[in-house]
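Position 1 is the first residue of the sequence; numbering continues from there. Quick note: numbers below take in every heavy atom, side chains included, and nothing from hydrogens, waters or symmetry partners. Since the model is a prediction, treat every value here as computed from it, not as a measurement.
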Amino acid sequence: RAIMIEDGTIVIDGSPRDVARKYLESNNRSITKEKPADNPKNRTNNSFVKVSGKTTVNDKRVNMSFSIKPIKDIDDCTIVIGINKNDGQQVYRWSSAEKMESQTINLKSKATYELKLTLDNYFPKDRYSAVFIIISRDRSIEYGTFFELANFEIVSNEPYTSNTHWRLPVESSFTKH
């Protein structure tokens, strides 16, 4: 159970996942006038971009693939992927600004892009979901935050437990189609 308090008032009292989602939504610096969807996990597009994701899991790897279709040109942006446990705790974060330092990302509206992440499967037994964020490189504009785009479950991974500290080896690629 978790709560979010703002200016001395309880904003939400509920599951850690719901409270974490509300916190992320309330701290959104979006430049759009759009209100968040009633059910953010079903929202896969806004006035800037349409995003979809899929995941495959085996004993050794977690493969995530995201399709990005800009509706408007988005220049000099950063893509951030967060992987959250079912309780809302973030267990992994990938950022193009950190992993692809020398590459500027300019998304053009007539193109489709694919971001692939391949992670070693060190995840403890649990359910996970990806949060996908596109922001300007200087972090002043948020073009979109999309929840639960690539969900997966680890049903058995005996050597790894929730209290194990680990750093995931990752391979990534970003391509224009």
Side-chain angles (χ1 to χ4, degrees), residues 4 11-12 16-57 61-86 88-119 123 127-153 168 170-177:
M4 180 176 144
V11 175
I12 184 171
R17 180 183 211 145
D18 292 341
V19 173
R21 179 176 290 129
K22 180 68 175 173
Y23 174 80
L24 289 171
E25 289 172 3
S26 69
N27 288 290
N28 178 358
R29 294 174 296 175
S30 177
I31 63 171
T32 69
K33 301 292 185 216
E34 301 170 29
K35 293 182 179 178
D38 290 336
N39 187 351
K41 75 178 186 178
N42 292 331
R43 184 173 175 218
T44 59
N45 67 304
N46 63 19
S47 62
F48 288 100
V49 66
K50 179 178 172 80
V51 180
S52 62
K54 63 182 179 180
T55 305
T56 58
V57 178
R61 303 258 194 234
V62 175
N63 300 297
M64 304 181 95
S65 177
F66 299 92
S67 175
I68 307 154
K69 295 180 182 181
I71 296 166
K72 298 179 181 176
D73 289 353
I74 302 173
D75 292 327
D76 198 23
C77 66
T78 296
I79 297 172
V80 179
I81 309 291
I83 299 177
N84 301 331
K85 285 177 62 173
N86 191 44
Q89 174 190 6
Q90 187 175 73
V91 296
Y92 182 76
R93 180 181 172 277
W94 181 93
S95 169
S96 62
E98 297 165 5
K99 305 295 185 186
M100 302 166 45
E101 289 179 34
S102 62
Q103 185 176 353
T104 300
I105 297 179
N106 296 311
L107 303 175
K108 300 301 176 189
S109 62
K110 298 202 185 319
T112 299
Y113 301 85
E114 183 175 42
L115 173 63
K116 289 185 178 182
L117 301 179
T118 300
L119 307 160
F123 292 91
R127 287 181 295 178
Y128 298 87
S129 63
V131 176
F132 186 98
I133 303 168
I134 299 178
I135 55 178
S136 60
R137 186 178 284 238
D138 67 2
R139 310 297 198 267
S140 64
I141 302 169
E142 183 174 318
Y143 295 105
T145 299
F146 306 97
F147 296 95
E148 299 185 26
L149 281 183
N151 301 320
F152 62 98
E153 183 172 7
L168 290 175
V170 62
E171 298 169 16
S172 59
S173 68
F174 183 76
T175 55
K176 179 179 177 181
H177 295 278

Distance (rounded to the nearest 0.5 Å) between [X] [atom1] and [Y] [atom2]:
X: Thr175; Y: Lys116; atom1: OG1; atom2: NZ; result: 7.0 Å
X: Met100; Y: Ser173; atom1: CE; atom2: OG; result: 8.5 Å
X: Asn151; Y: Met64; atom1: CG; atom2: CE; result: 8.0 Å
X: Phe146; Y: Ile68; atom1: CZ; atom2: CD1; result: 10.0 Å
X: Arg139; Y: Cys77; atom1: CZ; atom2: SG; result: 10.5 Å

Which atom names give the shortest non-hydrogen contact between [X] and [Y], and what distance separates them?
X: Gly144; Y: Asn46; answer: CA-ND2, 3.5 Å
X: Phe152; Y: Val57; answer: CB-CG2, 3.7 Å
X: Thr112; Y: Ser67; answer: CG2-OG, 3.7 Å
X: Phe66; Y: Gly53; answer: CD2-CA, 3.9 Å
X: Pro70; Y: Ala111; answer: CD-O, 3.3 Å

Should [X] and [Y] count as side-chain neighbours, where that means a heavy-atom distance under 4.5 Å?
X: Phe48; Y: Glu142; result: no
X: Lys72; Y: Tyr143; result: no
X: Ile134; Y: Leu107; result: yes
X: Trp94; Y: Leu119; result: no

### Query
Among all residues two or more places apart in sequence or in another chain, which pass the side chain to side chain contact (heavy atoms under 4.5 Å, CB included) test with Asn106?
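Partners of Asn106 by the side chain to side chain contact (heavy atoms under 4.5 Å, CB included) criterion, ordered by chain and then number, come out as Asp75, Asp76, Thr104, Lys108.
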### Message
Would you say the rings of Tyr128 and Tyr92 are close, in the sense that their centroids are separated by under 6.0 Å?
### Response
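For Tyr92 and Tyr128, the ring centres are not under 6.0 Å apart.
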### Message
Would the distance check show the side chain of Asp73 and the main-chain N or O of Ser109 forming a donor-acceptor pair, the cut-off being under 3.5 Å?
### Response
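Looks like yes, one N/O pair under 3.5 Å.
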### Query
Is the backbone of Val91 close enough, under 3.5 Å, to the side chain of Arg93 for a donor and an acceptor to pair up by distance?
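Side chain of Arg93 to backbone of Val91, a donor-acceptor pair under 3.5 Å: no, none is there.
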### Query
Do you see a donor-acceptor pair shorter than 3.5 Å between the side chains of Asn84 and Ser129?
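No donor-acceptor contact under 3.5 Å links the two side chains.
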### Message
So for atom CZ, which belongs to Arg137, do other residues, nucleotides or ligands contribute more than 12 heavy atoms lying within a distance under 6.0 Å?
### Response
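Yes - once you tally the heavy atoms of other residues, nucleotides and ligands closer than 6.0 Å, there are more than 12.
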